[in-house]
Amino acid sequence: MHYTLDENYFRGYEWWLMKEAKKRNPNIILMALPWSFPGWLGKGFNWPYINLQLTAYYVVSWIVGAKHYHDLDIDYIGIWNERSFDINYIKVLRKMLNHQGLQRVKIIASDNLWEPISSSMLFDPELLKAIDVIGAHYPGTHTVLNAKLTKKKLWSSEDFSTLNSDVGAGCWARILNQNYINGYMTSTIAWNLVAAYYEELPYGRCGLMTAQEPWSGHYIVESPIWVSAHTAQFTQPGWHYLKTVGHLEKGGSYVALTDGLGNLTIIVETMSHKHSMCIRPFLPYYNVSQQLATFVLKGSFSEIPELQVWYTKLGKPSRRFLFKQLDSLWLLDKKNSFTLELQEDELFTLTTLTTGRKGFYPFSPKSKPFPSTYKDDFNVDYPFVNEAPYFADQTGVFEYYTNTDDPGEHHFTLRQVLNQRPITWAADASSTISIIGNYQWANMTIKCDVYMEAPERGGVFIAGRVNKGGILIRSATGVFFWIFANGSYRVTGDLAGWIVYASGRVDVTAQKWYTLILAIKGHSSFGMLNGKTLWENVHVNYPRNGWAAIGTHSFQFAQFDNFYVEATH
């Protein structure tokens with residue numbers, strides 16, 4: 001809901017992603033967590049708890065819409081990512097879900113630290129009843145006493161966030177085991193699934209795999225994917241951890257899980273300190289060395305005749321194995337015990353399940369940089385997704401738009417559709433901006449038709465060499481060419497507009513199309529309006545390179561058409 005009473009259940013890529021996941025595994029669990037909220041919920045404040053009923057209505061509508069429009073059952077709903085929770089809001093949300101017949105939707109809170117949510121639950125029986133799961137972010141494999149005292153499920157509801165090298169894979173292998181051993185967490189969720197965004201943005205390549213070149217189709221199935229398989233192929237939600245789990249004598253750890261029907265899965269990891277550091281929190285030093293580990297199967301597990309064995313060794317390419325099936329272990333003649341010889345940075349899964357598969361995937365096309373010449377006229381009649389390819393919105397939302405009153409050249413455009421600042425998770429910029437292209441670009445010409453819808457306070461820009469995004473977008477620098485509906489232009493060295501290179505009066509107004517051209521070469525730049533030079537010889541020292549971009553001065557409606565960029569490094 002961009003605006004009050006505005007409901008659209010076809011925005012963004014997430015609906016598509018959830019449906020594709022369900023096709024592959026109908027039993028996959030779906031969870032939702034607001035990171036930000038539309039501004040109208042805050043009544044002018046950066047706070048979603050002004051009107052508790054309204055915010056709960058907004059969230060519950062989304063869950064109802066997921067079912068109605070996409071036949072997707074959302075299983076868990078969160079509160080506000082890594083920000084404050086409101087006790088009364090959680091209770092209102094629970095009541096509204098129940099009122100809508102959504103008793104099956106469980107609440108997870110508070111997707112931040114273990115406290116103050118755990119002690120709040122212990123002091124408030126109604127809150128304790130409303131929350132099903134306590135979710136903490138980056139817990140460093142440890143929990144707190146109050147969380148355990150609630151007797152609720154404990155999850156690491158966001159973790160990993162580490163470069164997907166073999167060190168990232170080592171981090172993932174270690175925390176998948178030790179979040180349970182040290183912290184009793186029965187779920188660990190990786191942020192993020194696929195690194196499918198420009199690598200130079202914050203947390204570049206911090207996905208379980210990499211697919212950051214949609215223009216070439218190139219992708220890499222990175223080692224964290226195969227580490228995931230060691231646990232996820234041989235367990236399911238609903239399996240239980242055994243209590244007999246723990247640390248190995250000479251470093252590393254082991255867990256065991258059962259479905260309660262006789263199946264057993266044991267996962268052993270020996271990730272060294274150096275090769276398993278996560279991005280956060282700090283990891284105290286520990287040592288891992290070569291060792292023998294003997295496991296004895298007792299009780300009903302003593303009847304198990306055979307265990308399948310899957311193996312990963314991270315590190316040097318010559319000795320590296322990823323999710324390799326080894327010979328199975330026969331246990332009948334071994335008194336129900338077996339011994340593993342363990343080196344550092346290894347991962348073993350031993351399981352009664354015979355369904356494990358390395359799988360295969362189509363050959364990845366060759367990696368290619370973003371095309372040095374690119375254009376988009378946004379002429380898409382019925383877009384499958386509402387966002388234009390390769391544009392990455394850093395503040396604001398840019399969507400395909402159909403001008404019903406313009407049957408001509410600007411019938412189909414790209415429109416910035418937010419008219420007020422959202423309740424933000426991070427420090428979004430005051431101006432909206434969408435980036436595109438290759439971060440290494442230095443010399444470039446950007447051309448775009450622009451249309452300000454807002455009289456007086458309207459303003460739009462095109463930009464080059466934009467050097468920051470994501471949580472750092474407020475401090476982005478580059479070369480920004482602005483025109484304003486009040487009849488002025490400006491050239492700035494940053495998005496915030498503190499560094500002014502040039503400015504002046506110009507004959508522009510709202511609700512009229514203009515063509516802007518920005519050219520940057522070496523230390524020099526110039527700008528054109530409707531084919532005539534408006535400013536030239538503007539000296540640019542910094543930055544040396546960056547993306548191209550479009551955007552608006554504040555949260556206001558504006559349109560863009562016939563975008564074109566030509567670049568050389």
In terms of heavy-atom contacts, Val288 and Ser272 come closest through CG2-CA, 4.0 Å
Taking every non-hydrogen atom, the tightest pair across Ile107 and Ile90: CD1-O, 3.9 Å
CD1 (Ile87) and CD1 (Ile117) are apart, to the nearest 0.5 Å, by 7.0 Å
Is the distance between the ring centroids of Trp80 and Tyr89 less than 6.0 Å? no
Where do Thr235 and Tyr241 land on the side-chain hydrogen bond (donor to acceptor under 3.5 Å, both in side chains) test, with the steps shown first? CA-CA 10 Å; Thr235 59; Tyr241 281 95; over 6 Å; no
On the 0 to 90° scale, with breaks at 30° and 60°, tag the Tyr198-Trp547 ring pair as parallel, tilted or perpendicular. tilted
How long is the straight-line distance from CZ of Arg205 back to CD of Glu222, given to the nearest 0.5 Å? 5.0 Å
Are there more than 12 heavy atoms of other residues, nucleotides or ligands under 6.0 Å from atom OH of Tyr184? no
For a 4.5 angstrom cut-off between non-hydrogen side-chain atoms, does Leu414 reach Ile550? yes
Are Ser223 and Asp166 close enough that a side-chain donor and a side-chain acceptor fall under 3.5 Å? yes
State, with a plain yes or no, whether a side-chain heavy atom of Met121 is found less than 4.5 Å away from one of Lys152. yes
Could you tell me which residues satisfy salt bridge (Lys or Arg N to Asp or Glu O under 4.0 Å) with Arg357, sequence neighbours excluded, listed by chain and number? none
Would you compute the distance between atom CD1 of Ile471 and atom OG1 of Thr424 and round it to the nearest 0.5 angstrom? 12.5 Å
For the pair Trp191 and Tyr203, evaluate ring pair (Phe, Tyr, Trp, His ring centres under 6.0 Å) and give the outcome as yes or no after the intermediate values. CA-CA 10 Å; Trp191 187 92; Tyr203 308 108; 5.8 Å; yes
Please give me the minimum heavy-atom distance between Ala429 and Ile473, naming the atom from each residue. N-CG2, 3.7 Å
Evaluate the criterion side-chain hydrogen bond (donor to acceptor under 3.5 Å, both in side chains) for residue pair Ser554 and Gln556; output intermediate values, then yes/no. CA-CA 6 Å; Ser554 61; Gln556 58 186 249; 2.7 Å; yes
Side chains of Leu102 and Val64 in contact at under 4.5 Å (non-hydrogen atoms): yes
Evaluate side-chain hydrogen bond (donor to acceptor under 3.5 Å, both in side chains) for Ser434 paired with Asp393, printing each intermediate quantity in order. CA-CA 4 Å; Ser434 192; Asp393 304 351; 2.7 Å; yes
Hey, does the Lys NZ or Arg CZ of Lys358 hover above the aromatic six-ring of Trp310, less than 6.0 Å from the centre and inside 45° of the axis? no
Within the supplied structure, the quantity of interest is the number of heavy atoms (other residues, nucleotides, ligands) at a distance under 6.0 Å from Lys153 NZ; does it exceed 12? no
Stepwise, does the side-chain hydrogen bond (donor to acceptor under 3.5 Å, both in side chains) test hold for His137 with Asp111? CA-CA 6 Å; His137 286 195; Asp111 284 290; 2.9 Å; yes
Side-chain donor-acceptor pair present, Ser228, Trp172, cut-off under 3.5 Å: yes
Could you tell me if the side chain of Gln178 sits less than 4.5 Å from the side chain of His247, heavy atoms only? yes
State, without any angle test, whether Tyr180 and Ser253 hold a side-chain donor-acceptor pair at a distance under 3.5 Å. no
Heavy-atom distance under 4.5 Å between the side chains of Phe234 and Thr352, does that happen here? no
Flag if over 12 foreign heavy atoms under 6.0 Å of NE2, His142: yes
Between Lys91 and Asp124, is there a side-chain N and carboxylate O pair less than 4.0 Å apart? yes
Around atom OH of Tyr9, are there more than 12 heavy atoms of other residues, nucleotides or ligands at under 6.0 Å? yes
Nearest non-hydrogen partners of Phe557 and Arg415, listed with the distance: CG-NH2, 3.5 Å
Taking all non-hydrogen atoms of both residues, which atom of Phe160 and which atom of Gly168 are closest, and how far apart? CE1-O, 3.3 Å
Residues in side chain to side chain contact (heavy atoms under 4.5 Å, CB included) with Pro214, at least two apart? Tyr390
Kindly compute the distance separating CD1 (Ile77) from CD1 (Ile108), expressed to the nearest 0.5 Å. 10.0 Å
Would you say the side chains of Thr432 and Thr552 form a donor-acceptor pair under 3.5 Å? yes
Can you check whether Leu72 reaches Lys19 side chain to side chain, under 4.5 Å on heavy atoms? yes
Got a salt bridge between Asp73 and Lys67, using NZ or NE/NH1/NH2 to carboxylate O under 4.0 Å? yes
Evaluate the side-chain proximity of Gln100 to Ile63: yes if any heavy-atom separation is below 4.5 Å, no if none is. no
For Glu399, check salt bridge (Lys or Arg N to Asp or Glu O under 4.0 Å) against everything at least two apart and list the hits. Arg11
Within 6.0 Å of NZ in Lys250, more than 12 heavy atoms from elsewhere: no
Can you tell me how far CZ of Phe295 sits from CZ of Phe301, rounded to the nearest 0.5 angstrom? 14.0 Å
Can you establish whether the number of heavy atoms outside Phe123 located under 6.0 Å from its atom CZ is more than 12? no
Sub-6.0 Å ring centroid separation between Phe461 and His553: no
When the ring centroid of Phe391 is compared with that of Phe398, is the distance short of 6.0 Å? no
Please report the interatomic distance SG(Cys278) to OH(Tyr138), rounded to the nearest 0.5 Å. 9.5 Å
Is Glu126 salt-bridged to Lys129, cutoff N-O under 4.0 Å? no
Heavy-atom check, side chain of Val255 versus side chain of Ile181, under 4.5 Å: yes
Of all heavy-atom pairs between Cys206 and Ala195, which one has the smallest distance, and what is that distance? N-CB, 4.1 Å
